[in-house]
Amino acid sequence: MAERLSTENRLGSYLRDRRAKLDPAALGFPAERRRTAGLRREEVASRANISPTWYTWLEQGRGGAPSADVLDRIARALMLTDVEREHLFLLGLGRPPEVRYRKNNGVTPRLQRVLDALEPSPAVIRTAIWDVVAWNRAATAMLMDYGSLPPEERNILRFIFLDPRARASQYDWESVARFALGAFRVDAARAGAAAEVEPLVDELCRLSPEFRAMWRDNEVRGPHGETVKHIRHAILGPLAFEYSAFSVDGRTDLSMVVYNPATPEDAERIRSLMQAP
C-alpha cells in the first residue's frame with residue numbers, strides 16, 4: 001500500500017512540475033497575475049477534456065489508476081515530448097505507452113557526421129519500414145547510390161526484391177531475402193507501423209512473386225543485431241562485413257546499420273576504391 005501511495009505521489013509531483021512549465025498566454029488563457037507559475041489545474045483538465053476534480057485528485061496522489069487514454073490526453077494537454085510521455089505512463093501505469101509510428105525522414109547534421117566518421121565502413125540510417133534516410137560515401141560505393149534515387153524509392157526491401165543488382169551481389173539471395181523480410185516484420189511491428197507498411201507490401205506483392213510467397217509464410221526473425229554478411233561487389237569482388245544494427249538515441253523510429261569490413265585487407269580495398277578518381 002505504501003509503495004502504491006509513493007507511486008501516486010510521484011505521478012502527482014510530475015504533473016505539477018510539467019503544469020508549472022507551461023505559458024498560459026501562449027495557450028490562450030488569461031495572462032492575469034497568478035499565485036503560481038504555469039497553468040491552473042482546471043485549465044489542464046479543460047485541455048485534456050477530463051474532470052477538474054479528478055485531475056486535482058491525480059495531482060494530490062489520490063485519484064486512483066488512470067487509464068491509458070486519460071494519460072494520453074493529459075500528455076497532449078501538457079505538451080509532453082515523447083520521452084516525457086513515456087515517463088508519465090511509467091509513473092501512472094508502470095509500463096510504457098503503446099508505440100505510435102510517426103514518419104520523419106530527417107536526420108540531424110550531428111547524426112550524419114557519425115555516419116561519415118565510420119568510413120570505410122558502409123553505414124545507413126533506416127526507418128522502421130526500412131526507408132533509407134541517410135548514408136555515408138562508403139555505403140554509396142559498396143551498397144547502393146541512394147542519392148541517385150527518388151526518396152520514395154530508397155527502401156531496402158525494394159532493392160532486395162526488385163533490383164537485379166541485389167541478386168548479383170548475394171551468394172544466397174533467397175536466404176538473405178527471407179532473413180531481411182523476417183527482420184522487417186519485427187521492426188515494423190515494434191514501431192506500430194502497420195498502416196505505413198501496407199502500401200509497400202501491396203506494391204511488392206504485385207511486382208514480385210517471390211516477395212508475395214515469402215510474405216505469406218509469416219516468418220519473423222530476431223534478434224538480428226549482429227551477424228556476418230558476404231557480398232560479391234561488382235568491382236572489388238568477394239567481401240565480408242560484420243553487420244550490426246543499433247537503435248538511434250532519442251529516435252525510436254530510426255536505426256543505424258553498420259557494415260564493418262571483416263578484415264583489414266577488405267577495409268583497405270574499400271578505402272582505395274573510395275579514393276580512386
Side-chain angles (χ1 to χ4, degrees), residues 81-83 86 99-163 165-166 169-170 176-177 179-197 199-201 203-204 221-229 231 233 239-262 266-267 270-271 273-274:
T81 65
D82 286 345
V83 173
E86 180 177 354
V99 292
R100 54 183 187 183
Y101 181 73
R102 293 189 300 179
K103 186 175 181 179
N104 187 338
N105 287 341
V107 298
T108 63
R110 179 178 182 179
L111 195 51
Q112 182 63 55
R113 288 194 292 271
V114 172
L115 291 178
D116 296 339
L118 291 171
E119 292 179 350
S121 298
V124 302
I125 302 290
R126 73 184 181 201
T127 69
I129 61 174
W130 287 27
D131 286 337
V132 175
V133 294
W135 56 93
N136 60 12
R137 287 193 311 125
T140 298
M142 294 293 106
L143 305 176
M144 165 63 69
D145 183 4
Y146 292 105
S148 67
L149 299 174
E152 64 273 12
E153 294 182 12
R154 296 170 187 166
N155 182 273
I156 295 173
L157 288 188
R158 287 180 187 276
F159 175 66
I160 291 174
F161 285 94
L162 301 182
D163 196 316
R165 289 172 292 183
S169 67
Q170 301 297 335
V176 170
F179 179 90
L181 193 52
F184 168 82
R185 280 185 183 274
V186 173
D187 284 351
R190 282 176 176 166
E196 288 74 17
V197 163
L200 174 64
V201 169
E203 180 183 4
L204 291 177
R221 302 292 178 96
H224 58 282
E226 297 183 359
T227 187
V228 175
K229 290 187 177 293
I231 71 167
H233 190 263
L239 291 167
F241 294 96
E242 296 171 342
Y243 166 97
S244 301
F246 309 93
S247 297
V248 174
D249 187 30
R251 290 292 301 272
T252 57
D253 57 319
L254 298 180
S255 59
M256 178 183 294
V257 181
V258 180
Y259 298 82
N260 193 44
D266 282 351
I270 295 171
R271 190 177 288 107
L273 178 64
M274 293 172 59

Can you name the residues that form a side-chain hydrogen bond (donor to acceptor under 3.5 Å, both in side chains) with Arg271, not counting sequence neighbours?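 With neighbours one apart ignored, the set is Glu268.
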If you compare all heavy atoms of [X] against all heavy atoms of [Y], which two are closest, and at what distance to 0.1 Å?
{"X": "Ala240", "Y": "Asp266", "answer": "N-OD2, 3.3 Å"}
{"X": "Met274", "Y": "Ala141", "answer": "CG-CB, 4.3 Å"}
{"X": "Ala138", "Y": "Pro120", "answer": "CB-O, 3.6 Å"}
{"X": "Met142", "Y": "Leu239", "answer": "SD-CD1, 3.7 Å"}

Tell me whether [X] contacts the main-chain N or O of [Y] through its side chain, where contact means a donor paired with an acceptor under 3.5 Å.
{"X": "His233", "Y": "Ile270", "value": "no"}
{"X": "Gln112", "Y": "Trp135", "value": "yes"}
{"X": "Asn136", "Y": "Ala123", "value": "yes"}
{"X": "Asn260", "Y": "Glu242", "value": "no"}

Can you tell me which residue pairs pass the side-chain hydrogen bond (donor to acceptor under 3.5 Å, both in side chains) test with a partner in residues 145-157, sequence neighbours excluded? Asp131-Asn155
Quick one: pull up [atom1] in [X] and [atom2] in [Y] and give me the separation to the nearest 0.5 Å.
{"X": "Leu115", "Y": "Met256", "atom1": "CG", "atom2": "CE", "answer": "4.5 Å"}
{"X": "Leu118", "Y": "Arg137", "atom1": "CG", "atom2": "CZ", "answer": "13.0 Å"}
{"X": "Glu203", "Y": "Leu162", "atom1": "CD", "atom2": "CG", "answer": "7.0 Å"}
{"X": "Asp163", "Y": "Arg158", "atom1": "CG", "atom2": "CZ", "answer": "12.0 Å"}
{"X": "Leu181", "Y": "Phe161", "atom1": "CG", "atom2": "CZ", "answer": "5.0 Å"}
{"X": "Arg165", "Y": "Phe159", "atom1": "CZ", "atom2": "CZ", "answer": "6.0 Å"}

Is any side-chain heavy atom of [Y] closer than 4.5 Å to one of [X]?
{"X": "Leu254", "Y": "Arg126", "result": "no"}
{"X": "Thr127", "Y": "Glu196", "result": "no"}
{"X": "Ser255", "Y": "Phe246", "result": "no"}

Test side-chain contact (heavy atoms from CB on, under 4.5 Å) applied to Val197 and Ile129, Asp187, Leu157, the passing residue: Ile129
Pair Leu143-Phe241, side chain to side chain contact (heavy atoms under 4.5 Å, CB included): steps then yes or no: CA-CA 12 Å; Leu143 305 176; Phe241 294 96; 5.8 Å; no
